[in-house]
Amino acid sequence: MNNKTIRSIKGTQDILPEESIKWQSLENEIRKITSHYGYEEIRTPAFEQTKLFSRGVGEETDIVSKEMYSWTDQGGENLTLKPELTASVARAYIQHNLGLVSPVNKLYYIDALFRRERPQKGRYRQFHQFGVEAFGSEHPEIDAEVIALAISIFYSVGLEELQLNINSIGSPECRKNYRIALQEFLKPHFSNLSETSQKRFNNNPLRILDTKAPHEINILNDAPIISNYWTDEDETHFKKVIEYLDILEIKYQLMPRLVRGLDYYTRTTFEITSSNLGAQDAICGGGRYDGLVEMLGGKPTPGIGFAAGMERLLLAMKNNQSKKNKVQIYIVGLGDNARGTVIKLAEELRQQNIATEFDVLRRSLKAQLREANKMGVSYAIIIGDKELESNQLELKNFSTGNQQKIELNKIVEHMNSLSF
Ligand code: HAM
């Protein structure tokens, strides 16, 4: 590659045909299973007003404070490539009054997102998520349904060794009291905290629980846990979620320190990890966000959802053997006179939903047959001057090796009668 060659941007990936076939089969499975659970697709724009994310996701979160691709456009508007979808979907929910159309709205998406993180395996700057957002019910039934949907999709695409980690970070009232208790606990350790945690101490002390630093994890072992600060309603809600998971026979791990890195969460928070992944082992994360719609200017509306990283899912899917879409017929064209007939016949067969290819490099008979064989076609149709003159095409069956003659104006009908 010389230095004039333009390459893709760090942290972005091209998905070439060999890979895209795996994406398609994953997407098909997602669409099928979400529809069984009554979710409908929503598509939102690639960019939004920056304030949607600073307000919705939270000014102090890593996503908003460090990772957004933001710019001011020619009209002076502050815009951002969307780093996550919950805020966008909530914005669309409010803007289109979806709550008036139906008391419960169950939406799903498959989309590209942008975060300026340090790229590594399983972590990219443009990546894809599929996710669901359910608006309108505060009840724990929907928490259990959303989790069951995630697990069901992961199992159906062949993931193994999943772990569901779950917690409740309570209502805002609970978190206010917990925050004070956590700060009290951390105060004597302040000078031992990392710079990041020291910053979080005032702005967002709960995020300190997310630390990966061993000495901080040690300190936090004795920290108060949020369940001691739940309100009675928080406790009843969480116990019901757990009860429903037991009814559904979904295994889980209670994680009293699981807080998640986005500010909109209330009560149920969860993550699903896979031991098939390395350091970036979170396949999906989600939770309740009962205050988000109101915070973005809508009527108070409870909500819950999750999002899963598609690249991570594909990495974790072992034996992902999606079949290539098979070409069924190859038309071998020989000589100038045959070309028009070849193009027309290919078009007619394709109109009958028969996948058909023909040679566009004007190769020899032998080379074209070799190509047809490589593609694994079922049949080749040979058209040259001789065939045009006699109006009889040569049809070669690749599985039996048999060859027969078929009249030109009968060939489409004949091919249509065969099963591939
Ligand atoms: P999140 O935890 O930021 O949550 O992202 C969810 C999932 O997206 C992660 O578990 C991971 O699989 C994937 N992911 C995140 N960042 C990257 C990256 N840089 N490269 C590859 N994959 C990545 C949210 O985005 C919330 N909106 C989820 C949610 C929906 N909560 C409620 N509803």
Side-chain angles (χ1 to χ4, degrees), residues 9-13 15 26 34 39 42 44 48 52-53 56-58 61-69 81-93 105-135 142-143 145-147 149-150 153-154 159 162-167 169 207 210 258-274 276-293 302-317:
I9 291 161
K10 194 172 159 194
T12 68
Q13 302 188 95
I15 302 169
L26 175 59
T34 45
Y39 285 74
I42 182 160
T44 58
E48 299 266 7
L52 172 66
F53 303 111
V57 177
T61 59
D62 283 353
I63 295 179
V64 173
S65 64
K66 308 197 269 211
E67 296 168 2
M68 293 204 303
Y69 284 98
L81 288 179
K82 62 188 170 191
E84 68 104 50
L85 268 143
T86 311
S88 296
V89 174
R91 192 238 348 110
Y93 172 88
N105 280 267
K106 302 205 291 189
L107 306 164
Y108 83 91
Y109 47 79
I110 301 176
D111 210 345
L113 306 179
F114 308 86
R115 294 184 194 174
R116 200 175 189 288
E117 295 196 77
R118 198 165 48 80
Q120 64 181 83
K121 193 171 175 206
R123 192 161 72 191
Y124 310 99
R125 290 182 170 173
Q126 174 173 339
F127 63 100
H128 299 77
Q129 283 185 345
F130 92 84
V132 308
E133 311 294 350
F135 295 93
I142 191 89
D143 302 46
E145 181 192 89
V146 160
I147 293 170
L149 165 56
I153 291 180
F154 299 152
L159 289 200
L162 297 178
Q163 181 166 315
L164 164 65
N165 300 325
I166 190 164
N167 189 23
I169 58 164
R207 286 296 317 284
D210 254 357
L258 176 73
V259 284
R260 308 245 327 114
L262 302 94
D263 280 358
Y264 47 61
Y265 289 117
T266 52
R267 292 194 170 156
T268 315
T269 45
F270 62 96
E271 266 174 12
I272 299 175
T273 60
S274 162
N276 293 346
L277 292 170
Q280 303 302 322
D281 65 351
I283 292 238
C284 110
R288 237 179 210 290
Y289 42 84
D290 292 346
L292 179 63
V293 172
I304 178 163
F306 72 83
M310 302 276 283
E311 285 82 359
R312 289 191 197 175
L313 261 174
L314 286 157
L315 279 173
M317 281 161 65

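Order of listing sets the numbers, starting from 1, for every ligand and every atom in it. Only a predicted model underlies this, so the values are computations on that prediction, with no experimental measurement involved.
Contacts with ligand 1 closer than 4.0 Å are made by backbone heavy atoms (N, CA, C, O) of C284 only, the side chain lying farther away. Neither the backbone nor the side chain of I304 comes within contact range of ligand 1; no heavy atom lies under 4.0 Å. Contacts of R125 with ligand 1, taken as heavy-atom pairs under 4.0 Å, are absent altogether. Only the side chain of Y289 comes within 4.0 Å of ligand 1, counting heavy atoms alone; its backbone N, CA, C and O stay farther away. Using a 4.0 Å cut-off between heavy atoms, Q129 contacts ligand 1 through its side chain alone, with no backbone atom that close. When heavy-atom distances to ligand 1 are checked against a 4.0 Å cut-off, F130 has no atom that comes that close, whether in backbone or side chain.
Formation of a donor-acceptor pair under 3.5 Å by the D263 side chain with backbone atoms of G58 is not found in this model.
Among all heavy-atom pairs drawn from T266 and G291, the shortest one is CG2-N, 4.4 Å.
Of the options G122, G309, G11, the smallest heavy-atom separation from atom 21 (C) of ligand 1 is shown by G122. For atom 17 (C) of ligand 1, the nearest non-hydrogen atom from the set F270, Y265, F127 belongs to F127.
Among the atoms of E84, some N or O lies under 3.5 angstrom from an N or O of ligand 1. Polar contact check, A282 against ligand 1: a nitrogen or oxygen pair lies under 3.5 Å apart. Between E311 and ligand 1, no N or O atom pair is found at a separation short of 3.5 Å. Considering backbone and side-chain atoms together, R123 places no N or O closer than 3.5 Å to any N or O of ligand 1. Note: no N/O pair closer than 3.5 Å links A308 and ligand 1 by distance alone. The shortest N or O to N or O distance between Y109 and ligand 1 is not under 3.5 Å.
Near G285, meaning under 4.0 Å from one of its heavy atoms, ligand 1 places the atoms 10 (O), 28 (C), 29 (C). Within the listing of ligand 1, atoms 31 (N) sit less than 4.0 angstrom from a heavy atom of G286. Atoms of ligand 1 found under 4.0 Å from any heavy atom of I283, numbered from 1 in the order shown, are 10 (O), 12 (O). Close contacts between ligand 1 and F306 involve ligand atoms 29 (C), 30 (C), 32 (C), 33 (N) [criterion: under 4.0 Å to a heavy atom]. Atoms of ligand 1 found under 4.0 Å from any heavy atom of E117, numbered from 1 in the order shown, are 16 (N), 17 (C), 18 (C), 19 (N).
Considering only non-hydrogen protein atoms, atom 33 (N) of ligand 1 sits nearest to E133 OE1, 2.9 Å. With respect to atom 26 (C) of ligand 1, the closest heavy atom belonging to the protein is Y264 OH, 3.3 Å. Of all protein heavy atoms, the one closest to atom 7 (C) of ligand 1 is A307 O, 3.6 Å. Among protein heavy atoms, the minimum distance from atom 32 (C) of ligand 1 is reached at G305 O, 3.2 Å. Of all protein heavy atoms, the one closest to atom 20 (N) of ligand 1 is Y124 N, 3.0 Å.
Taking the charged nitrogens against the carboxylate oxygens, D210 and R260 have no contact shorter than 4.0 Å, which rules out a salt bridge. Checked for salt-bridge contact, E311 and R123 miss the test: no charged N lies under 4.0 Å from a carboxylate O. Electrostatic pairing of R267 and D143 does not count as a salt bridge here, judged by no charged N lying under 4.0 Å from a carboxylate O.
The six-membered or imidazole ring of F135 lies near that of Y93, with a centre-to-centre distance under 6.0 Å. Checked against the 6.0 Å centroid threshold, F306 and F130 count as a close aromatic pair.
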**Prompt:** Between T273 and Q163, does a side chain to side chain donor-acceptor pair (under 3.5 Å) hold up when you go through it step by step?
**Reply:** CA-CA 5 Å; T273 60; Q163 181 166 315; 5.2 Å; no

**Prompt:** Between D62 and R207, does a salt bridge (Lys or Arg N to Asp or Glu O under 4.0 Å) hold up when you go through it step by step?
**Reply:** CA-CA 10 Å; D62 283 353; R207 286 296 317 284; 3.7 Å; yes

**Message:** Could you walk me through whether Y264 and T86 satisfy the side chain to side chain donor-acceptor pair (under 3.5 Å) test, starting with their C-alpha distance in whole Å, then the side-chain angles of each, then the deciding distance to 0.1 Å, before giving a yes or no?
**Reply:** CA-CA 9 Å; Y264 47 61; T86 311; 3.1 Å; yes

**salt bridge (Lys or Arg N to Asp or Glu O under 4.0 Å) between E117 and R125, intermediate numbers included** = CA-CA 6 Å; E117 295 196 77; R125 290 182 170 173; over 6 Å; no

**Item:** Derivation of the side chain to side chain donor-acceptor pair (under 3.5 Å) call for E133 and Y109
**Value:** CA-CA 9 Å; E133 311 294 350; Y109 47 79; 2.7 Å; yes

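The CG atom of L313 sits 5.0 Å away from the CD1 atom of I283 when rounded to the nearest 0.5 Å. The NZ atom of K121 lies 11.5 Å from the CZ atom of R312; values are rounded to the nearest 0.5 Å.
The aromatic rings of Y69 and F114 lie perpendicular to each other, with more than 60° between the two planes, well past the 30° mark.
Ligand 1 is approached by R260 to a heavy-atom distance shorter than 4.0 Å. For G131, the closest heavy-atom approach to ligand 1 does not fall below 4.0 Å.
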